[in-house]
Amino acid sequence: PPTADPIARALFEPELIMRHRRAINLSDEQRDAISRLIKELQGQVVTLQWELQEQTEALTAELSRTRVDLDRAQDRMSRVMQTERKIKEAHLSALVRIKNTLRADQQDALRKLKEP
């Protein structure tokens with residue numbers, strides 16, 4: 001569905017590219033490069049998600065105490081937010097690298113295919 005997110009409008013989800021690979025004349029080399037980027041992203045994100053889960057559990061444990069140490073809770077929350085940021089940065093990096101594998105005419109075609 002169309003989104004009001006200007007960043008999402010500027011990039012292309014891998015699923016969209018693969019769904020329309022014939023329409024945009026995606027080459028085998030481009031397909032392979034995109035596949036490698038997705039595998040790399042998945043490896044990074046899995047590790048970060050485990051880290052995020054541990055940090056979230058530590059924050060939850062701290063917040064569950066009868067008396068919460070504010071400094072410790074804020075530190076734990078900061079760690080959660082840093083890991084969330086790393087996950088978002090990994091996604092953005094992958095989407096930019098995927099976009100850069102596409103020629104201008106392919107990007108134009110995908111923009112038209114994304115429009116409602």
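The first residue of the sequence shown is numbered 1, and numbering continues consecutively from there.
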Could you check whether any side-chain heavy atom of [X] comes within less than 4.5 Å of a side-chain heavy atom of [Y], counting everything from C-beta outward?
| X | Y | answer |
| --- | --- | --- |
| Arg79 | Thr83 | no |
| Leu41 | Ser93 | no |
| Ile87 | Glu84 | no |
| Leu11 | Leu92 | yes |
| Arg31 | Met18 | yes |
| Leu102 | Leu26 | yes |
| Leu37 | Leu95 | no |
| Gln55 | Gln82 | no |

With hydrophobic residues grouped by side-chain heavy-atom distances under 4.5 Å, do [X] and [Y] end up in a single group?
| X | Y | value |
| --- | --- | --- |
| Leu63 | Met81 | yes |
| Ile7 | Phe12 | no |
| Ile34 | Ile24 | yes |

### Query
Arg22: what forms a side-chain contact (heavy atoms from CB on, under 4.5 Å) with it, not counting sequence neighbours?
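Result, side-chain contact (heavy atoms from CB on, under 4.5 Å) vs Arg22: none returned.
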Between [X] (side chain) and [Y] (backbone), is there a donor-acceptor pair under 3.5 Å?
| X | Y | result |
| --- | --- | --- |
| Ser78 | Gln74 | no |
| Lys99 | Ala10 | yes |
| Glu57 | Glu54 | no |
| Glu62 | Asp69 | yes |

### side chain to side chain contact (heavy atoms under 4.5 Å, CB included) between Arg65 and Arg72, worked out
CA-CA 12 Å; Arg65 297 177 188 266; Arg72 186 179 294 163; 3.9 Å; yes
#### Entry: Residues that Arg85 engages under side chain to side chain donor-acceptor pair (under 3.5 Å), provided they are two or more places apart
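Partners of Arg85 by the side chain to side chain donor-acceptor pair (under 3.5 Å) criterion, ordered by chain and then number, come out as Glu89.
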### Task
Could you grab the distance from atom CZ of Arg21 to atom CG of Asp28, nearest 0.5 Å is fine?
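Between Arg21 CZ and Asp28 CG, I get 10.5 Å after rounding to 0.5 Å.
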### Message
Measuring from atom CD of Gln107 to atom CD1 of Ile17, what distance do you get when rounded to the nearest 0.5 angstrom?
### Response
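Going from the CD atom of Gln107 to the CD1 atom of Ile17 covers 8.5 Å.
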Minimum heavy-atom separation for [X] and [Y], please, with both atom names.
| X | Y | result |
| --- | --- | --- |
| Ala8 | Lys114 | O-NZ, 3.2 Å |
| Ala23 | Leu113 | CB-CD1, 4.4 Å |
| Ile38 | Pro14 | CD1-CB, 3.4 Å |

### Salt bridge present between Arg111 and Asp108 (N-O < 4.0 angstrom)
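Asp108 and Arg111: salt-bridged.
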#### Entry: Gln106 and Gln30 side chains, donor-acceptor separation under 3.5 Å
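Side chains of Gln30 and Gln106: pair found under 3.5 Å.
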### Task
Please name all residues satisfying salt bridge (charged side-chain N to carboxylate O under 4.0 Å, His left out) with Arg36, sequence neighbours left out, ordered by chain then number.
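Not a single residue meets the salt bridge (charged side-chain N to carboxylate O under 4.0 Å, His left out) criterion with Arg36.
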